[in-house]
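Shown next, in structure tokens, is the structure this report addresses.
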Amino acid sequence: MSRWEVVIGLEIHAQLATQSKIFSGASTAYGAEPNTQACLVDLGYPGVLPVLNEEVVRMACKFGLAIGAEITPRSVFARKNYFYPDLPKGYQISQYELPIVANGELTIDSDDGERKRIGVTRAHLEEDAGKSVHEGFDQMSGIDLNRAGTPLLEIVSEPDLRSAKDAVAYMRKIHTLVRYLGICDGNMQEGSFRCDANVSVRPQGQDEFGTRAEIKNLNSFRFVERAINFEVERQVDLLEDGGEVVQETRLYDSARDETRSMRSKEEANDYRYFPDPDLLPVEIAEDYIEAVRQTLPELPDAKQARLQESLGVKAEDAAILTIQRELADFFEAAAEASSAPAQTVANWVLGELSGALNRDGLDISGSRVSAEALALLVDRIHDNTISGKIAKDVFEAMWAGEGSADEIIEARGLKQITDTGAIEAIVDKVIAANPGQADEYRAGKEKLIGFFVGQVMKETGGKANPGQVNQLLKKKLSG
Ligand code: ADP
Ligand code: MG
């Protein structure tokens, strides 16, 4: 395998989160009864005219600015002609020679531990097609045109990716970014975020790219990784057996974990692109771009750097906290409300809280414990009211709706025993009850301290301060 270098470029389709379609007023809401959300424009009736939804222009600009790209001052919609039952007009409106966004870039943390720059060639606006429906139809197919005319931003990368893992890292980065910008809901099950992966291999050291295959319509990160890995292996096997890769479109079958040929270059469509005479070119003025720039939120990379540098959060944790804007907001609100170090708060957000969310299948917006409530719990560990271990039980009770950390600590009598006299008495009792272990400890078996701490904690129902117990035990045992 190492004789070969893998080359990948992704074409990501992000469905733009508008209320209405790209060229009509029909709703884009997901899940409606078939064919209830396709108007005459979406159906391509004669005599109707498309009107561009301004919101998609704003969203594309936002994306372009977020990846440091050029916003094309004059972009043009083109007709991509082909026949398919889910495309009543006989053409898809897209952008071809003059896309709205060009020459952007972003960085990924690569598989090999390095930070890599990945070029974004272009991002263009286009409409989605309808859907063929096979389920529930015998010997025929149904057509649902609700999705026809749904706005898409197609984001095309340079062939800069060098492994399946890098491709996934890049796709995740774009996924995070479009959700931060609020331009796409990122819902992959519903098809709001999907990609085509172009894959080729070449001998290490060769400048020229190998022939590529394009794997269509991958709608999960796991499938992207598996489909690429399968495809790389297929191409390498083929080349090592003296064969040749043919340029073609392939489908990934997740049930069999393999890619299969759909159509080859020879049968590929000639789309006869030409500028759509029904639509004016999109002219974007400098002040419009500046106004959009003002609306950009703090971007994921900047937020991650700030959590690390200003709040002292570990790099890995800052990376996870900033994958989702809402999670980062929750963490920041909790860190702000707490007097404990931000890293301690991060541990709780990524530990107990994320665990509970996962267990109950909830998103951070559905958390049963608020940022302020979590902050109070962390403060009670920080000010030695309870131990970290007991705090986990308190957290579970908070999650179950039993009240605030203070209410639960009070109601269950969980306050740490800080009275030295009381702890000393228990320490004496434990040492007296275990003379054999005490002798062994004194003879040098120091790891027995753990046993003694455990005994004292058991006696106190976990309510003694572990640090204090440790100190007292050492003093008494050696004294
Ligand atoms: P097309 O218009 O035929 O789809 P493009 O030139 O627009 O082709 O490229 C589509 C995608 O394929 C881009 O993401 C690009 O980076 C990628 N790509 C192009 N050539 C190769 C190659 N040899 N190997 C892997 N990916 C490639
Ligand atoms: Mg393409």
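Just so it is clear, the values below take in all heavy atoms, side chains as well, and ignore hydrogens, waters and symmetry mates. We're numbering straight along the sequence, starting at 1. Counting convention: from 1, in listed order, for ligands and their atoms alike.
Note on E127 versus K89: salt bridge recorded, some NZ/NE/NH1/NH2 to OD/OE distance being below 4.0 Å. The pair K131-D86 does not count as a salt bridge, with every side-chain nitrogen at least 4.0 angstrom from each carboxylate oxygen. With respect to E352 and R368, no salt bridge is recorded, no charged nitrogen being found less than 4.0 Å from a carboxylate O.
Looking at P159 next to ligand 1, an N or O pair under 3.5 Å apart turns up. Close N/O approach between E214 and ligand 1 is not found [any backbone or side-chain N/O within under 3.5 Å].
Close contacts of ligand 1 with V156, meaning ligand atoms under 4.0 Å from a residue heavy atom, involve 13 (C), 14 (O). Distances below 4.0 Å separate heavy atoms of F209 from the following atoms of ligand 1: 23 (N). Atoms of ligand 1 lying under 4.0 Å from any heavy atom of V7, numbered from 1 in the order shown and given with element: 24 (N), 25 (C).
Closest approach of H124 and I100 over heavy atoms only: CA-CG2, 4.4 Å.
Residue N198 holds the heavy atom nearest to atom 11 (C) of ligand 1 of all those in V201, D160, N198. For atom 15 (C) of ligand 1, the nearest non-hydrogen atom from the set G210, S157, A213 comes from S157. Distances from atom 5 (P) of ligand 1 to the heavy atoms of E208, E158, R212, E11 put R212 nearest.
The salt bridge (charged side-chain N to carboxylate O under 4.0 Å, His left out) pairs that include a residue from residues 165-178 are K116-D166, K165-E225, K173-D301, where partners are two or more places apart or lie in different chains.
Looking at L10 against ligand 1, only its backbone comes within 4.0 Å, counting heavy atoms.
With no hydrogens or angles considered, no side-chain donor-acceptor pair links Q92 and D128 at under 3.5 Å.
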- Query: When you look at E231 and R250, which way does the salt bridge (Lys or Arg N to Asp or Glu O under 4.0 Å) test go after all the steps?
  - Reply: CA-CA 9 Å; E231 186 56 24; R250 297 180 72 86; 3.3 Å; yes
